[in-house]
Amino acid sequence: MSRRLMKDGRPLSPFSIVVMAVLALLWSIPTIGLLVTSFRSRDEAASSGWWTALFNPFSSEWTTSNYRGVWEGNDFGAGFVNSIAVAVPATIIPIMFAAFAAYAFTFMKFRFKEFLFLLIIAVMVVPIHVAFQPMLNLLGPRGLGISGQYIAVWLLHTGFGMPLCIYVLRNYMTTLPASVVESAKIDGATHFQTFWRLVAPMSIPAIAAFATLQFLWVWNDLLVAKLFLNADNATVIVKLQQLLGTQGQGQELLTAGAFISIIIPMIVFVALQRYMVRGMTSGAVKG
């Protein structure tokens, strides 16, 4: 009987299947616990663990009141709209600029290219928290006066996300055949034409991989949205944090709200997951 093979021709190991299944189960346990707890009342969740309800479903009290409580009076739907209004531009803008920069660092020759690239990589080790006070001063009423608006959060996420995006796309572009770019140059194509017609389409896996990560980071961000947005355009994560009162009231709503808030990120991840490994690992060694 022939053994099953992976895509690269290597035999599929039963041990690796078992390990992956165990890791997938362990990784899914928090989500399973979140889902089970979201259908339990506050008293039930406080008196026993979620695993008790999972293994004894008929002896537990189940309710959907937590989900109703999230939507009633919390303006959670507006938080979804605000999160989309923040996450989509904050994903597209840094990729758009970083893709041009990655092309320049890969295929163009100019002075101090390597130094500038190392400088961009060095910025990645600086915690974003150290920039909050200067950004509050710059974007606040005494500065540009755009704090509390979407554009302020777009600019922040663009600045915080571009270094990693440039690094990922540049390393991916180094794996592309240089002969294609040289042929386009011989045919008289400009750098703009070469980028849009050749390099950008070939870099779709890396672009989609980083777009997935950037979207998840922006969607799940609390601190930037909390500091630089107002109450009327607060994101769903800020709305989720506001469900919990100072005395612990509303904690039964957190699990339901958290599970609702991950629906769109899960859809985005499932839709683009096939690009993740290919885009993030290509060029990881070379360049």
Side-chain angles (χ1 to χ4, degrees), residues 1-41 44-64 66-67 87 91 124-125 161 164-165 167-169 171-176 202-222 236-237 240 251-252 254-287:
M1 184 175 61
S2 59
R3 299 180 63 182
R4 297 181 61 184
L5 302 178
M6 294 188 292
K7 291 183 178 181
D8 58 1
R10 293 180 297 170
L12 192 61
S13 171
F15 176 75
S16 63
I17 296 177
V18 173
V19 171
M20 286 188 294
V22 172
L23 291 176
L25 178 61
L26 292 175
W27 193 260
S28 303
I29 285 177
T31 305
I32 296 172
L34 186 71
L35 177 62
V36 173
T37 307
S38 67
F39 288 101
R40 306 182 72 198
S41 64
E44 279 275 322
S47 60
S48 60
W50 61 266
W51 53 88
T52 305
L54 183 63
F55 293 111
N56 298 283
F58 298 104
S59 61
S60 301
E61 181 183 351
W62 302 93
T63 180
T64 58
N66 295 335
Y67 287 91
T91 300
M124 294 171 56
V125 305
L164 179 59
C165 188
Y167 176 75
V168 172
L169 294 183
N171 281 0
Y172 186 88
M173 289 180 184
T174 57
T175 66
L176 301 178
M202 290 189 295
S203 302
I204 288 297
I207 293 174
F210 184 82
T212 305
L213 294 178
Q214 178 73 359
F215 184 89
L216 297 180
W217 289 332
V218 175
W219 183 275
N220 293 323
D221 170 72
L222 173 63
V236 68
I237 300 300
L240 180 62
Q251 64 179 3
E252 70 278 4
L254 283 179
T255 52
F259 202 82
I260 293 174
S261 69
I262 67 176
I263 292 176
I264 292 183
M266 287 181 63
I267 294 174
V268 172
F269 183 81
V270 171
L272 299 178
Q273 65 169 334
R274 63 194 183 99
Y275 295 110
M276 284 293 294
V277 176
R278 179 183 172 189
M280 295 302 294
T281 59
S282 295
V285 177
K286 182 179 179 180

Which heavy atom of Thr63 sits nearest a heavy atom of Ser41, and at what distance? CG2-N, 3.7 Å

Under the side-chain contact (heavy atoms from CB on, under 4.5 Å) criterion, do Ile237 and Asp221 qualify, and how do the steps go? CA-CA 7 Å; Ile237 300 300; Asp221 170 72; over 6 Å; no

Let's go through Trp219 and Val236 carefully: what are the C-alpha distance in whole Å and the side-chain angles of both, what is the deciding distance for side-chain contact (heavy atoms from CB on, under 4.5 Å) to 0.1 Å, and is it a yes or a no? CA-CA 8 Å; Trp219 183 275; Val236 68; 3.8 Å; yes

Given Ile264, Ile262, Thr212, the one that forms side-chain contact (heavy atoms from CB on, under 4.5 Å) with Phe269: Thr212

For Val218 and Ala87 the tightest heavy-atom approach is CG1-CA, 3.6 Å

Closer than 3.5 angstrom, by distance alone: can the side chain of Asn66 be matched with the main-chain N or O of Ala256 as a donor-acceptor pair? no

Is there a donor-acceptor pair closer than 3.5 Å between any side-chain N or O of Trp50 and the backbone N or O of Ile32? no

Hey, would you say the Phe259 and Tyr67 ring centroids sit under 6.0 Å apart? no

Phe215 CZ to Phe210 CZ distance, which is reported to the nearest 0.5 Å: 13.5 Å

Do you know which two heavy atoms are closest between Ser38 and Thr255, and how far apart they sit? CA-OG1, 3.3 Å

Thr37 side chain to Leu34 backbone, donor-acceptor under 3.5 Å: no

State, yes or no, whether a side-chain contact exists between Met173 and Leu176 at a heavy-atom distance under 4.5 Å. yes

Whether the side chain of Asn220 engages the backbone of Leu216 through a donor-acceptor N/O pair (distance < 3.5 Å, no angle test) should be reported. yes

Distance, nearest 0.5 Å, that separates SG of Cys165 from CG of Leu213: 10.0 Å

Does Met266 CE have over 12 foreign heavy atoms under 6.0 Å away? no

All heavy atoms of Trp62 vs all of Ala53, minimum pair found to be CZ2-O, 3.5 Å

Looking at Ala206, is its backbone amide N or carbonyl O close enough to the side chain of Ser203 to form a donor-acceptor pair, meaning the two atoms are under 3.5 Å apart? no

Closest non-hydrogen contact found for Ala211 with Thr91 is O-CG2, 3.6 Å

Nearest non-hydrogen partners of Ser48 and Arg40, listed with the distance: OG-NH2, 2.7 Å

